[in-house]
Amino acid sequence: AEFLLDSLEDLINNDEIKANEIEINFIGLEYFPEQLKRINKNSTLQKIIKSTPRLSKNEATALNLKADYLVNFTDKNLSAIYAKTYNYMACKKEILVIPDDNKQLSNLINENKLGHVFKTKNQLKNFITEKVKLKKEGKLKTNVSENEDLNFFKRSHQAKIFCEKLKGLK
């Protein structure tokens with residue numbers, strides 16, 4: 001999260017964006033008090049960060065659908081595609097992978113044109129300033145276009161593949 005938070009702090013402190021031009025929602029963060037403390041210790045960022053207690057899947061999805069972008073944070077020591085990534089894909093919003101893990105998650109996002117992957121804080125800061133400007137102009141587009149390849153990830157298709165594999169075990 002520091003990759004994103006450091007970038008936002010730089011942008012606000014250097015007057016490249018205003019605190020009232022951006023909002024970051026950490027859904028379910030209040031369930032993790034130590035992480036919440038870490039996020040809230042910065043007075044500059046307290047103006048733009050919102051958090052919630054743990055929410056049901058339906059409540060979290062409703063908030064995700066209202067968002068401009070959905071963020072997947074990566075861990076350099078773990079190569080994974082998190083369950084929430086599939087929920088994000090169902091929302092058809094662009095996903096931001098922060099930072100680039102050069103592994104499964106980044107590959108999934110890049111190969112399927114599901115969003116953006118950031119290797120450096122400068123890349124992320126440039127992206128944020130550009131998108132804030134577009135939003136102010138009413139020109140921001142954040143939905144992922146329909147991609148037939150994404151049908152592969154639907155639960156119904158995955159269940160079909162699973163059943164075929166089970167039949168093959170006989």
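Model, not experiment: these values are computed from the prediction.
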Using every non-hydrogen atom in the two residues, find where V97 and S106 come nearest and quote the distance to one decimal.
CG1-OG, 3.7 Å
Non-neighbouring partners of K119 that pass side-chain contact (heavy atoms from CB on, under 4.5 Å), sequence neighbours left out:
D100, N102, Q123
Rounded distance [0.5 Å steps], OG1 in T44 versus CD1 in I12
7.0 Å
With a cut-off of 6.0 Å (strictly less than), are more than 12 heavy atoms of other residues, nucleotides or ligands near NZ of K50?
yes
For L63, which residues count as a side-chain contact (heavy atoms from CB on, under 4.5 Å) partner, sequence neighbours excluded?
I27, T52, L55
Restricting to salt bridge (Lys or Arg N to Asp or Glu O under 4.0 Å), what partner residues turn up for K121, sequence neighbours left out?
D6
The reported gap from OG1 in T142 to CD1 in I95 (rounded to nearest 0.5 angstrom) is 11.5 Å
Salt bridge (Lys or Arg N to Asp or Glu O under 4.0 Å) partners for D75, two or more places apart:
none
Between N112 and L114 (side chain of the first, backbone of the second, donor and acceptor by atom type, cut-off under 3.5 Å), is there such a pair?
no
Could you tell me if the side chain of L4 sits less than 4.5 Å from the side chain of L96, heavy atoms only?
no
Below 4.5 Å, heavy atoms only, C-beta onward: do K93 and N143 meet side chain to side chain?
yes
Output all residues satisfying salt bridge (Lys or Arg N to Asp or Glu O under 4.0 Å) with E21, sequence neighbours left out; order by chain, then residue number.
K136
Taking all non-hydrogen atoms of both residues into account, name the closest pair between E94 and K141 and its distance.
OE2-O, 4.1 Å
In one Ile/Leu/Val/Met/Phe/Trp/Tyr side-chain cluster, 4.5 Å: F73, L70:
no
Those residues at least two apart in sequence (or on a different chain) that pass side-chain contact (heavy atoms from CB on, under 4.5 Å) with D15 are K18
Under the rule for salt bridge (Lys or Arg N to Asp or Glu O under 4.0 Å), what residues qualify as partners of E34, not counting sequence neighbours?
K37
Treating Ile, Leu, Val, Met, Phe, Trp and Tyr as nodes and any side-chain heavy-atom pair under 4.5 angstrom as an edge, say whether L124 and V117 lie in one connected cluster.
no
Fellow cluster residues of L65, listed by chain then number, with links counted only when side-chain atoms sit under 4.5 Å apart
none
List the steps and the verdict of side-chain hydrogen bond (donor to acceptor under 3.5 Å, both in side chains) for S51 and E30.
CA-CA 6 Å; S51 63; E30 293 171 16; 2.9 Å; yes
I need the N126 CG to E130 CD distance, nearest 0.5 Å.
8.5 Å
Are any of the side-chain heavy atoms of I39 and L45 separated by less than 4.5 Å?
no
Give, for atom CD1 of I17 and atom OG1 of T129, the distance between the pair rounded to the nearest 0.5 Å.
8.0 Å
What heavy-atom pair brings C91 and T61 nearest, and what distance separates the two atoms?
SG-CG2, 4.1 Å
Hey, are the side chains of L108 and M89 touching, using non-hydrogen atoms and a 4.5 Å cut-off?
yes
Which ring pair (Phe, Tyr, Trp, His ring centres under 6.0 Å) pairs, counting each pair once, include a residue from residues 77-108, with sequence neighbours left out?
none
Taking only residues at least two apart or on different chains, which pairs with a member in residues 96-140 satisfy ring pair (Phe, Tyr, Trp, His ring centres under 6.0 Å)?
Y69-F127, H116-F127, F118-F127
Which ring pair (Phe, Tyr, Trp, His ring centres under 6.0 Å) pairs, counting each pair once, include a residue from residues 30-56, with sequence neighbours left out?
none
Please tell me if the side chains of V144 and K113 come closer than 4.5 Å, counting only heavy atoms from C-beta onward.
no
To the nearest 0.5 Å, atom CG of L5 lies from atom CD of E2 at 6.0 Å
CZ (F3) and OG1 (T120) are apart, to the nearest 0.5 Å, by 6.0 Å
Got a sec, which residues hit side-chain contact (heavy atoms from CB on, under 4.5 Å) with K135, two or more places apart in sequence or on another chain?
D68, L140
All heavy atoms of A80 vs all of Q104, minimum pair found to be CA-OE1, 3.6 Å
